[in-house]
Amino acid sequence: MATKHAIGIDIGGTGIKGAVVDLATGALVTERRKVLTPDGGEPDGIIASTAELLEQVGGDFDLEGLPLGVCFPAIVKRGHTLSAANISKKWIGLPAEELFEQALGRDIHFINDADAAGVAELRYGAAAGVDGLVILTTLGTGIGSALIHDGVLVPNSELGHLEIDGHDAESRAAYSAMEREDLDWEAWAKRLQRYYSHVEFIFSPDLFVVGGGVSKHQEHFLPLLDLRTPIVPAVHRNNAGIIGAAALALD
């Protein structure tokens with residue numbers, strides 16, 4: 001009998017959230033639970049908080065038999081974290097997948113957070129059934145990205161760190177820059193225009209999908225962008241990491 005459910009956990013710079021996911025539909029079948037990411041985002045604290053969260057997400061489900069996927073704000077290669085976004089630099093170079101498995105007492109599938117969001121949109125959202133190259137970007141504290149070509153994820157793209165006009169792109173175009181500099185939607189959209197035009201020129205994608213919490217306000221900024229490529233809001237927004245991590249838990 002095929003597994004119908006899996007656990008997804010999304011670790012971020014401010015919060016760690018998780019739920020049980022229906023793998024047929026991508027829907028959360030338990031209440032989304034959240035704990036705060038410990039100050040400083042150091043390995044021991046995040047791992048302990050993730051174990052604490054795992055105890056809360058089950059509801060009526062027996063978690064023991066469910067696959068577990070965990071997504072994380074870092075480049076993830078062969079289970080190691082090779083960068084650190086809005087968490088402690090102590091993560092860089094760690095065998096993070098192994099450390100989580102030891103602490104949680106179970107196998108996990110470990111993946112970059114934006115890549116997990118991309119998989120959620122590929123399997124259950126705005127990128128489903130789209131041929132060619134889909135580029136998902138998450139606009140938040142930084143800019144995460146996922147490249148999906150003909151339904152296949154190309155991991156760890158890190159397009160938020162493209163250098164544009166002498167700046168790390170996310171330092172000027174992430175949602176946090178809008179908040180930090182008190183920009184209105186029009187002023188922020190001009191920065192997004194510069195960013196997406198640059199990405200469009202380099203990659204010639206077939207579709208942009210825009211995720212992150214700000215995507216629920218997409219009517220304020222997406223219509224202001226002038227691109228050749230269709231650009232649409234993500235379906236799953238802030239649940240995308242949970243859903244994508246769960247979807248990959250059997251891989």
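Hydrophobic cluster membership is shared by Ile47 and Ile7, with clusters built from Ile, Leu, Val, Met, Phe, Trp and Tyr side chains linked at under 4.5 angstrom. A continuous path of hydrophobic side-chain contacts links Leu136 to Val119 [ILVMFWY only; heavy atoms under 4.5 Å]. Side-chain heavy atoms closer than 4.5 Å link hydrophobic residues (I, L, V, M, F, W, Y) into clusters, and following such links, even through other members, never connects Leu192 to Val209. Residues Leu159 and Ile202 share a single hydrophobic cluster, defined by chaining ILVMFWY side chains whose heavy atoms lie under 4.5 Å apart. One hydrophobic cluster, built from ILVMFWY side chains closer than 4.5 Å, cannot hold both Val154 and Leu248; they sit in different ones.
Formation of a donor-acceptor pair under 3.5 Å by the Asn86 side chain with backbone atoms of Gly12 is not found in this model. Distance alone, capped at 3.5 Å, places no donor-acceptor pair between the Asn156 side chain and the Ile75 backbone. Judged by distance alone, the side chain of Thr229 and the main-chain N or O of Phe208 form no donor-acceptor pair under 3.5 Å. Listed for the His198 side chain is no donor-acceptor partner under 3.5 Å among the backbone atoms of Ala169.
When every heavy atom of Val232 is checked against every heavy atom of Ala126, the shortest pair comes out as CG2-CB, 4.0 Å.
Salt-bridge check for Arg191 with Glu181: passed, with a basic side-chain N closer than 4.0 Å to an acidic carboxylate O. Salt bridge status for Asp165 with Arg194: present, with a side-chain N to carboxylate O gap under 4.0 Å. A salt bridge is defined here as a Lys NZ or Arg NE, NH1 or NH2 lying under 4.0 Å from an Asp or Glu carboxylate O, and Arg106 with Glu101 fails to meet this definition.
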Q: Carefully, step by step, assess Thr137 and Ser145 under the rule side chain to side chain donor-acceptor pair (under 3.5 Å).
A: CA-CA 4 Å; Thr137 55; Ser145 64; over 6 Å; no
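Taking the six-membered ring where the residue is Trp, Phe100 and Trp91 present parallel rings, their angle staying beneath 30° rather than reaching 60°.
Looking at Asp115, Thr50, Ile16, Ile87 one by one, the single match for side chain to side chain contact (heavy atoms under 4.5 Å, CB included) with Phe72 turns out to be Ile87. Here the rule is side chain to side chain contact (heavy atoms under 4.5 Å, CB included) with Asp10, and of Lys34, Arg32, Lys17 only Lys17 fits it. Screening Arg172, Met178, Lys190 for a side chain to side chain contact (heavy atoms under 4.5 Å, CB included) with Leu183, the sole residue that qualifies is Met178.
Judged purely by distance below 3.5 Å, without hydrogens or angles, the side chains of Ser176 and Thr141 never pair a donor atom with an acceptor atom.
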